[in-house]
Novice: 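This structure is in structure tokens; I'll ask about it shortly.
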Amino acid sequence: VKIPASRTGLEAANQLQDTGIKLLVTLNFHATQTVHFIKHGVAALGICAPMLRARECALRSYLLAQLNKPSEAATSS
């Protein structure tokens with residue numbers, strides 16, 4: 001399900017995180033918008049061009065690495 005990187009999208013991610021529905025976060029205009037969504041285990045992030053500015057590349061790499069890490073629940077079973 002596509003959800004926007006906004007307060008409404010974050011509320012939806014919060015409600016849907018335990019349902020098993022995979023979420024795609026779109027409309028990311030700044031890397032810091034995505035931090036809260038990673039905590040909700042989103043399946044993918046739609047990264048917009050403004051996120052590719054040089055000063056945000058390190059944060060973008062960190063965020064993508066966090067998305068690709070196995071969840072704690074998956075590693076403890």
Side-chain angles (χ1 to χ4, degrees):
V1 172
K2 283 179 157 181
I3 58 172
S6 64
R7 177 169 282 148
T8 305
L10 188 57
E11 289 170 4
N14 190 32
Q15 292 175 2
L16 296 171
Q17 88 179 39
D18 294 329
T19 64
I21 296 172
K22 292 186 179 188
L23 302 175
L24 167 63
V25 179
T26 61
L27 299 173
N28 296 301
F29 296 106
H30 196 275
T32 56
Q33 280 181 291
T34 61
V35 172
H36 302 291
F37 290 94
I38 288 173
K39 293 176 184 177
H40 290 288
V42 298
L45 295 169
I47 298 175
C48 295
M51 285 185 64
L52 300 178
R53 293 186 296 218
R55 69 178 192 197
E56 295 177 350
C57 284
L59 181 55
R60 179 178 168 265
S61 296
Y62 170 78
L63 294 173
L64 292 174
Q66 293 303 306
L67 274 176
N68 293 324
K69 280 174 54 175
S71 68
E72 290 180 22
T75 57
S76 64
S77 55

Novice: Taking all non-hydrogen atoms of both residues, which atom of V25 and which atom of A5 are closest, and how far apart?
Specialist: CG1-CB, 3.7 Å
Novice: State, with a plain yes or no, whether a side-chain heavy atom of I3 is found less than 4.5 Å away from one of F37.
Specialist: yes
Novice: Can you give the donor-acceptor pairs under 3.5 Å from side chains of residues 13-22 to other protein atoms, not counting sequence neighbours?
Specialist:
residue	atom	partner	partner atom	Å
Q17	OE1	H40	ND1	2.4
T19	OG1	L16	O	2.7
T19	OG1	I21	N	3.3

